[in-house]
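Below is one structure; the comments refer to it alone.
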Amino acid sequence: SQKIEQNSEALNIQEGKTATLTCNYTNYSPAYLQWYRQDPGRGPVFLLLIRENEKEKRKERLKVTFDTTLKQSLFHITASQPADSATYLCALTNRDDKIIFGKGTRLHILP
Amino acid sequence: ETGVTQTPRHLVMGMTNKKSLKCEQHLGHNAMYWYKQSAKKPLELMFVYSLEERVENNSVPSRFSPECPNSSHLFLHLHTLQPEDSALYLCASSQVLRPFNEQFFGPGTRLTVL
């Protein structure tokens with residue numbers, strides 16, 4: 001069955017360091033991969049989208065890589081800040097625009 | 001704020017009640033979505049509307065009934081729910097349905113079924 005795996009354990013990172021989150025998928029052929037941020041009691045907020053033919057995308061302190069051979073995306077936050085603490089969701093969309101989400105990874109940036 | 005509002009924010013209902021969730025988007029978008037987010041499970045897409053027409057129903061039980069009277073409003077009518085339907089129900093909108101584009105989510109309705 002189609003599946004997205006994200007780090008199930010919370011990730012604790014020291015302020016100022018780079019946080020790296022992983023998204024692996026199986027039995028899916030994505031046309032796009034997206035990363036969302038979700039704070040407690042709020043809906044997800046779109047951060048970045050990367051297409052299947054793109055290797056890397058950047059936006060300010062965020063960087064996403066996409067390796068369709070490894071079926072993996074890495075999401076990096078450089079110079080991390082306590083305000084970056086949240087749950088980060090990975091989502092895949094195929095060519096029929098069907099979207100599936102991962103369970104998310106909780107990130108804690110420690111001051 | 002994302003431009004997508006949902007009411008109520010919290011709802012407690014019995015299994016025999018009938019209630020409705022409301023979503024409104026102020027972004028001029030043409031596509032709207034209902035999602036269910038249960039604890040320790042991924043976000044699940046329930047329904048998709050494009051220009052007020054339902055285009056996707058992901059095997060959702062009939063006790064959930066969506067309605068889209070215009071492109072700015074989306075409802076989810078609930079009746080005879082089960083305790084396992086307790087979850088966060090999220091509404092989202094996007095400019096168009098295809099090709100895929102950024103979705104804007106509302107804050108959600110936290111539903112508890114007793």
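In what follows, every heavy atom counts, from backbone to side chain, and hydrogens, waters and symmetry copies are set aside.
Within a 6.0 Å sphere centred on NZ of A/K57, other residues, nucleotides and ligands contribute more than 12 heavy atoms.
In this structure, the portion of B/R9 lying under 4.5 Å from any heavy atom of chain A is its side chain and not its backbone. For B/E44, no part lies under 4.5 angstrom from a heavy atom of chain A. Contact annotation for B/Y35: only side-chain heavy atoms (C-beta onward) come within less than 4.5 Å of a heavy atom of chain A. Heavy atoms of A/Q6 lying under 4.5 Å from chain B are absent altogether. Contacts between B/L43 and chain A at a heavy-atom distance below 4.5 Å involve backbone atoms as well as side-chain atoms. No part of A/N94 comes within reach of chain B, as not one of its non-hydrogen atoms sits under 4.5 angstrom from that chain.
The minimum heavy-atom distance linking A/D97 with B/R98 is given by the pair OD2-CG, 2.7 Å.
Here the CG-CD distance, from B/N101 to A/Q34, works out to 10.0 Å after rounding to the nearest 0.5 Å. Atoms CD and OG1, on B/Q103 and A/T93 in that order, are 7.5 Å from each other to the nearest 0.5 Å. In this structure, A/L47 CG and B/E102 CD are separated by 9.0 Å, a value rounded to the nearest 0.5 Å. From B/F105, atom CZ reaches atom OH of A/Y36 across 5.0 Å, with rounding to the nearest 0.5 Å.
Side chains of A/R42 and B/P107 form no contact here, defined as non-hydrogen atoms less than 4.5 Å apart.
Hydrophobic clustering (side-chain heavy atoms under 4.5 Å, transitive across Ile, Leu, Val, Met, Phe, Trp, Tyr) keeps A/Y25 apart from A/L70. Criterion: ILVMFWY side-chain heavy atoms under 4.5 Å apart, direct or through other members. Under it, A/F46 and A/Y88 are not part of a common hydrophobic cluster. B/L78 and B/L74 fall within the same hydrophobic cluster, defined by Ile, Leu, Val, Met, Phe, Trp and Tyr side-chain heavy atoms under 4.5 Å apart, directly or through other members.
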